[in-house]
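Quick notes on the structure that follows.
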Protein chains: 2
Amino acid sequence: MSSSPMRRAHVPMSGAELALRLLAAFRGLVDDLHAELAGRGHAEARPLHGFALQAVGPTGATAVELGERLGVSKQAAGKTIDALEERGYVRRDADPADARRKIVTVTPRGHELLALSAEIFERLRARRAQQVGDAMPAFEAALRTLAPDVAIGLDSPGWFGR
Amino acid sequence: MSSSPMRRAHVPMSGAELALRLLAAFRGLVDDLHAELAGRGHAEARPLHGFALQAVGPTGATAVELGERLGVSKQAAGKTIDALEERGYVRRDADPADARRKIVTVTPRGHELLALSAEIFERLRARRAQQVGDAMPAFEAALRTLAPDVAIGLDSPGWFGR
DNA sequence: ACGGTATGGACAACGTAGTTGTCGATTATA
DNA sequence: TATAATCGACAACTACGTTGTCCATACCGT
């Protein structure tokens with residue numbers, strides 16, 4: 001046979017397969033994360049919440065700011081804040097310097113969710129890196145080329161599924 | 001410096017970054033596809049439609065079958081079929097052999113959408129392969145490892161966005 | 001100082017896509 | 001033949017997005 005030992009020729013993907021597998025890989029990560037989170041006291045956390053919480057950041061944010069960071073309307077951001085507040089992940093306080101604004105801050109429980117998510121995500125990534133093996137750096141480098149912007153627009157309902 | 005010429009050390013991704021970028025890469029592909037499709041007579045096609053249409057297949061399917069293939073309830077499949085039918089991509093015919101069943105088949109316009117989508121998807125993938133360069137085969141091989149199932153569950157509203 | 005404009009938040013109505021539950025009609029089976 | 005399973009449709013609901021409207025407050029130019 002050929003010179004290199006038992007290496008199969010790479011069968012290129014179709015464009016549709018590429019898209020589907022990117023989605024499937026994302027879904028796998030997110031589904032695994034939330035399966036874990038559910039077992040660790042955060043069953044009511046939806047996938048969107050972690051990302052939104054991260055976008056609130058350590059200094060807090062208003063609904064308008066959050067909307068900008070997430071790439072959604074201020075109304076959508078407001079609804080997300082409602083959900084986060086109901087679940088105890090953020091708090092809304094009046095801005096003493098501007099009576100129009102309400103400042104959203106992450107609560108201790110919110111920080112807990114964030115820390116837990118980061119920890120679980122790291123384990124999930126490590127598992128995948130192990131499966132992929134040597135090619136992981138090349139994979140990530142290529143993925144950075146394909147998706148240069150980290151700050152993705154979260155518009156379009158339900159990106160995160162159940 | 002090091003022995004290899006100007007090669008930067010790879011900075012590993014965080015798990016969250018990995019997830020976000022997978023989603024962003026998918027989104028980029030799908031958004032580009034539909035921008036093209038819109039300019040080619042298929043402005044009303046939603047991202048879900050292409051995948052559903054493909055799942056109907058050449059032999060046709062019932063709502064229950066389509067639901068199974070897509071990983072959603074038969075009711076959800078029924079609604080998708082409604083949307084596809086409204087836009088002229090599929091037809092519903094009574095099954096002569098079983099009065100309960102209605103067989104969904106792809107119309108010529110549906111086949112046109114499918115062919116056009118495949119063609120555009122190929123171009124989009126080619127562009128990305130060019131950007132990624134030599135690492136593309138490794139990237140796709142790794143992606144196959146990360147997402148072994150092509151038949152992804154399309155549950156959870158709005159995966160495809162606007 | 002004041003009136004016009006801009007900003008921030010809330011509310012409502014609506015769109016899309018999913019879910020579960022129910023039901024009638026039809027087919028399969030014991 | 002009576003009972004059970006299957007298929008499609010309808011309804012009510014959830015989640016998350018959108019636009020449009022409105023009010024209160026803040027900023028700014030004359």
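Only heavy atoms go into these numbers, but all of them, side chains included; no hydrogens, no water, no symmetry mates. The chains referred to below are lettered A, B, ... by the order of the sequence lines, with proteins before strands, and numbering in each begins at 1. As the structure is a computational prediction, the values presented were derived from the model and not from experiment.
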Strictly below 4.0 Å: does B/Arg92 bring a side-chain N or O up to OP1 or OP2 of D/dA9? yes
Closest-nucleotide mapping onto DNA chain D: is A/Ala97 or B/Arg101 further toward the 5' terminus? I mean the 5' end. B/Arg101
Starting at NE2 of A/His49 and ending at P of D/dG17, how long is that distance when rounded to a whole Å? 9 Å
Nearest-nucleotide pick for B/Gln75, side chain only, options being C/dT22, C/dG9, D/dG8: C/dT22
Round to a whole Å and report the spacing from CG of B/Asp82 to P of D/dA11. 13 Å
Verify, without hydrogens or angle tests, whether A/Glu140 (side chain) and B/Pro12 (backbone) share a donor-acceptor contact under 3.5 angstrom. no
Quick one: label A/Ser73 by what it contacts on the DNA or RNA (base, sugar-phosphate, nothing), any heavy atom closer than 4.0 Å. base
Closer to the 5' end of DNA chain D via nearest nucleotide, is it A/Arg100 or A/Ala83? A/Ala83
Among C/dG18, D/dG17, C/dG9, the nucleotide that comes nearest once only the side chain of B/Leu48 is considered: C/dG18
Taking any heavy-atom pair under 4.0 Å as a contact, classify A/Ala63: base, sugar-phosphate, or nothing. sugar-phosphate
Check against salt bridge (Lys or Arg N to Asp or Glu O under 4.0 Å), B/Asp32 and B/Arg128: CA-CA 12 Å; B/Asp32 287 0; B/Arg128 277 144 180 89; 3.0 Å; yes
Establish whether the base of D/dT18 is bridged to the side chain of A/Lys79 by a donor-acceptor pair shorter than 3.5 Å. yes
Counting side-chain heavy atoms from CB outward, which of C/dA10, D/dA9, C/dG18 is closest to B/Val72? C/dG18
When rounded to whole Å, the CG to P distance for the pair A/Asp98 and C/dT7 reads 12 Å
Among A/Arg87, A/Glu86, A/His49, exactly one meets side chain to side chain contact (heavy atoms under 4.5 Å, CB included) together with A/Glu44. Which residue is that? A/Arg87
Quickly work out the B/Lys102 NZ to C/dG24 C1' distance and round it to whole Å. 13 Å
Return the value, rounded to whole Å, for the distance between atom CG of B/Leu70 and atom C1' of C/dG18. 12 Å
Residue B/Arg92 excluded, over 12 heavy atoms near CZ under 6.0 Å: yes
Across the strands shown, which category fits B/Ala76 at heavy-atom distances under 4.0 angstrom: base, sugar-phosphate, nothing? base
Just checking, any donor-acceptor pair under 3.5 angstrom between side chains of A/Glu112 and A/His42? yes
Side-chain N or O of A/Thr62 less than 4.0 angstrom from OP1 or OP2 on C/dT7? no
Whole angstrom value for the distance that separates P of C/dA17 from CZ of B/Arg87: 7 Å
Please report the distance, rounded to the nearest Å, between CZ in A/Phe51 and C1' in D/dC16. 16 Å
Find the distance A/Lys74:NZ to C/dT7:P and express it as a whole number of Å. 10 Å
